[in-house]
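Quick note: numbers below take in every heavy atom, side chains included, and nothing from hydrogens, waters or symmetry partners. Bear in mind the structure is a predicted one, so any value in this text is a computation, not a measurement. Sequence lines set the chain letters: A, B, ... in the order given, protein chains first and strands last, and positions in each chain run from 1.
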Amino acid sequence: MPTISQLLEEKTAQAIAAVTGAAAPALVQPTANPQFGDYQANGVMAAAKARKMNPRTLAQQILAQLDPTTIPATWDIAGPGFINFRLDPVWLGRTIAAIAADERLGIDSVSQAETIVVDFSAPNIAKPMHVGHIRSTIIGDALSRVLRFLGHRVITDNHVGDWGTQFGMMIVGYRTLLNREAFADDPLAEMERIYKAVQAQGKADPAVAAQAREELAKLQKGDPENTALWHEFMAVSRQAFDRVYARLHVGFDHWLGESFYNPMLPGVVQTLQTKGLARLSEGAICVFYEDDPELNGTPFIVQKQDGAFLYATTDLATIQYRVDTFHADRIIYVVDSRQQLHFKQLFAAARRWGYAPQLEHVGFGTILGEDGRPIKTREGEPIKLAALLDEAEERARAIARDKNPSLSEDELAAIAHVVGIGAVKYADLMQNRLADYRFSWDKMLALEGNTAPYLQYVYARIRSIFRRGELEDWQPTLGMDVYLRAPEELDLAKQMIRFGDALLEVERTNKPNILAGYLYDLATKFNLFYQAHSVLKAEEEARSTRLLLCHLTARYIHKGLELLGIETLEAM
RNA sequence: GCCCCCGUAGCUCAGGCGGAUAGAGCAUCAGAUUCCUAAUCUGAGGGCCGUGCGUUCGAAUCGCGCCGGGGGCACCA
């Protein structure tokens with residue numbers, strides 16, 4: 001079924017068109033204030049202005065066109081020409097009962113399913129994942145889950161950095177500095193050590209830097225020894241990445257890293273030149289955008305003076321592959337906002353080339369420490385993701401132990417994992433991704449406010465109601481009667497039926513914080529309801545309705561958090 | 001120099017393709033538990049929405065200028 005706001009929008013827009021003879025949006029949205037009802041249409045005033053009519057008069061004529069048998073609400077005119085709708089409580093009760101019988105919680109699949117490639121995470125091989133990768137990973141995973149739930153064909157692709165300049169240094173380091181015991185013990189840590197050491201040497205000694213470039217060149221020409229080393233680095237890194245992704249419950253359909261596109265790069269540059277899109281300039285081959293005022297003056301280099309290709313080239317090959325092979329209608333790049341110019345250039349080049357799926361750069365800001373500076377360790381190094389997740393779990397465990405000393409170690413471990421990881425993810429997802437975000441353990445793990453533990457607690461508390469009532473297997477009966485009488489019951493039900501609108505808004509804007517905000521509002525409305533009304537001890541007629549409200553709230557929170565990549569607990 | 005993002009309550013942030021009295025959490029103060037997890041809830045105070053001009057019946061939201069913070073701009077990714 002369409003969402004109620006979609007229905008009101010459609011019916012009101014039809015009425016506007018019937019009266020004015022011209023299509024105009026009704027601009028239906030939830031009311032700013034409950035005194036105005038549940039939904040308001042703002043479009044009448046704009047339509048009146050366009051026709052130089054009195055808005056209230058026009059509103060009267062529009063109302064006359066609305067058919068009460070097709071709209072489950074009452075309505076009136078208010079203010080300068082708003083139409084206010086009040087939902088029919090009986091209809092609301094029936095709708096809630098119908099949703100209870102629906103696996104998808106009343107959410108339609110999109111009518112036009114698209115093939116959407118979501119490109120996110122993309123750590124560099126031979127380097128540990130650090131905080132810089134967390135936003136892309138978490139946001140990309142959440143968007144993928146939402147789009148998939150809405151019915152799109154989603155392809156997640158981890159475009160790992162497996163062909164960069166770091167390999168020259170890694171090979172030099174492996175040959176000159178490797179501690180074999182350390183490597184056998186913790187290969188990634190030893191790789192990191194030698195990488196940093198060679199990097200430092202290279203800065204001080206040009207000969208080392210030259211050696212690294214030479215080894216890289218040999219690798220890129222297919223030298224067997226260097227290639228074998230490269231495979232070893234890959235395998236070691238992949239294991240470390242997989243451990244982190246397992247903790248985060250993030251998976252990918254493909255791991256098509258930069259190296260995968262390597263054989264295609266000469267052809268990309270060749271084609272761009274043949275089509276007259278790229279030309280030689282100062283020894284490099286570049287795409288220019290003289291006819292584009294925004295990009296004019298920012299050449300897009302696809303081949304360096306020395307003949308090497310760049311990430312611009314790889315990214316173009318990647319678009320080609322995703323269109324030709326996956327038949328992508330849409331590609332979403334979840335990458336730091338600082339790369340905005342690169343993506344503008346990339347998308348412009350792809351369009352000129354003739355590859356024109358919908359291309360979207362979903363950017364995000366920097367993670368700042370509590371001091372407002374980009375987050376770093378005391379030593380000024382990036383914080384490793386694994387260490388960050390360890391700390392999240394430790395802190396969550398300590399809080400859980402403090403709140404509930406009777407928990408067993410196994411229970412504590414489960415809570416530490418679900419709450420700790422959930423808190424880290426949710427803290428990122430609840431913010432507008434465009435802004436920089438200030439990382440705060442205390443805030444993300446707080447039980448008050450818009451946090452994962454708050455939502456997880458509401459879920460656990462609801463599950464506890466059913467346990468306490470020995471109703472673990474309780475299920476709503478098909479077509480059961482639902483009596484929504486108390487204002488808190490009505491408010492909760494009205495919030496539930498906005499879930500679909502929230503998901504569509506996430507799809508439209510690529511902003512998971514809209515879903516997070518929805519869930520927080522839902523949890524708050526549940527708490528208001530639960531505070532005001534007993535459930536298990538209620539009289540029978542109210543009891544089954546309230547059990548249904550509890551049951552559905554839990555399902556919405558479970559599903560909503562799942563779409564954000566966050567787990568729930570039966571007890572905490 | 002050019003371009004992009006940000007500026008909303010003491011603090012951290014929502015809202016932003018114009019709509020009615022600008023919201024939440026923290027912090028502060030005052031309350032609620034014979035009762036289903038008080039890890040909860042209720043109430044109060046707290047705002048020239050950086051600033052000026054403009055568009056509009058209507059601007060936190062759109063446009064232009066300015067101020068402040070961050071970022072990007074030819075061979076790294």
Do we see [X] stacking on the base of [N], given a limit of 5.5 Å between centres and 30° between planes?
X      : N     : value
A/Y311 : B/C76 : no
A/F36  : B/A20 : yes
A/Y520 : B/A24 : no

* Structure fact -> Here the gap from A/E539 atom CD to A/S534 atom OG, rounded to the nearest 0.5 Å, amounts to 9.0 Å
Please give the distance between the [atom1] atoms of [N] and [M] as a whole number of Å.
N     : M     : atom1 : answer
B/C49 : B/G15 : C1'   : 11 Å
B/G47 : B/A9  : C1'   : 6 Å
B/U34 : B/A30 : C1'   : 24 Å
B/G46 : B/A24 : C1'   : 14 Å
B/G63 : B/A20 : C1'   : 25 Å
B/G19 : B/U61 : P     : 10 Å
B/C66 : B/C13 : P     : 27 Å
B/C62 : B/C73 : P     : 27 Å

Under 4.0 Å between any heavy atoms, over every strand shown, what does [X] touch: base, sugar-phosphate, or nothing? Just pick one.
X      : answer
A/A532 : nothing
A/L536 : base
A/R463 : nothing
A/C286 : base
A/E258 : sugar-phosphate
A/D315 : nothing
A/A78  : base
A/A446 : nothing
A/S337 : nothing
A/A284 : base
A/P299 : base
A/H533 : base
A/Y530 : base
A/T314 : nothing

Which one, [options], comes nearest to the side chain of [X]?
X      : options             : answer
A/N42  : B/U56, B/C41, B/G19 : B/G19
A/E294 : B/C36, B/A74, B/C4  : B/C4
A/L341 : B/A77, B/G72, B/A14 : B/G72
A/I301 : B/A74, B/A38, B/C41 : B/A74
A/R468 : B/G70, B/A14, B/C36 : B/C36
A/E282 : B/C36, B/C41, B/A74 : B/A74
A/K344 : B/C4, B/C17, B/A74  : B/C4
A/K49  : B/C36, B/G58, B/C41 : B/G58
A/K443 : B/C41, B/G25, B/G19 : B/G25
A/N513 : B/A20, B/G15, B/C76 : B/G15

* Asked: By salt bridge (Lys or Arg N to Asp or Glu O under 4.0 Å), which residues pair with A/D371, not counting sequence neighbours?
  -> none
Is it the case that the ring center of [Y] lies less than 6.0 angstrom away from the ring center of [X]?
X      : Y      : result
A/H361 : A/F347 : no
A/Y333 : A/F120 : no
A/F82  : A/F36  : no

Between [atom2] on [N] and [atom1] on [X], what's the gap in Å once rounded to a whole number?
X      : N     : atom1 : atom2 : answer
A/F526 : B/A39 : CZ    : P     : 15 Å
A/Q340 : B/C6  : CD    : C1'   : 13 Å
A/Y437 : B/G25 : OH    : C1'   : 16 Å
A/F300 : B/G72 : CZ    : P     : 18 Å
A/E448 : B/A27 : CD    : P     : 7 Å
A/D491 : B/C41 : CG    : P     : 15 Å
A/L27  : B/U61 : CG    : P     : 18 Å
A/D336 : B/G72 : CG    : P     : 9 Å

* To do: Could you check whether the rings of A/Y289 and A/F300 sit parallel, tilted or perpendicular, using 30° and 60° as the cut-offs?
  => tilted
* **Given RNA chain B, 5'-ward residue of the pair A/S534 and A/G43, judged by closest heavy atom** => A/G43
* Could A/R546 and A/E489 be called an ion pair, given the rule that one side-chain N must be under 4.0 Å from one carboxylate O? -> yes
* **A/E472/A/R467 salt bridge by N-O under 4.0 Å criterion** => no
* Close approaches to RNA chain B from residues 415-433 of chain A, in residue order (heavy atom, under 4.0 Å) -> A/Q431, A/N432
* **side chain to side chain contact (heavy atoms under 4.5 Å, CB included) evaluation trace for A/M444 with A/T451** => CA-CA 6 Å; A/M444 73 177 69; A/T451 66; 5.8 Å; no
* Pairing partner (Watson-Crick or G-U wobble, both distances under 3.5 angstrom) of B/C66 -> B/G50
* Asked: Would you say the side chain of A/D521 and the base of B/A14 hold a donor-acceptor pair, judged only by whether the two atoms sit under 3.5 Å apart?
  -> no
* To do: Kindly say whether, by distance alone, the side chain of A/T31 makes a donor-acceptor pair under 3.5 Å with the base of B/A20?
  => no
* **Residue-phosphate contact under 4.0 Å: A/N450 side-chain N/O, B/A24 OP1/OP2** => no
* Does a donor on one side chain sit under 3.5 Å from an acceptor on the other, for A/R433 and A/N510? -> no
* To do: Scan side-chain atoms only and decide if A/N262 and A/W163 contain a donor-acceptor pair under the 3.5 Å cut-off.
  => yes
Sequence neighbours excluded and cut-off under 3.5 Å, please list the side-chain donor-acceptor pairs for residues 414-421 of chain A, or say none.
unit_1	atom_1	unit_2	atom_2	d
A/H417	ND1	A/E393	OE2	3.1
A/H417	NE2	A/H249	NE2	3.0

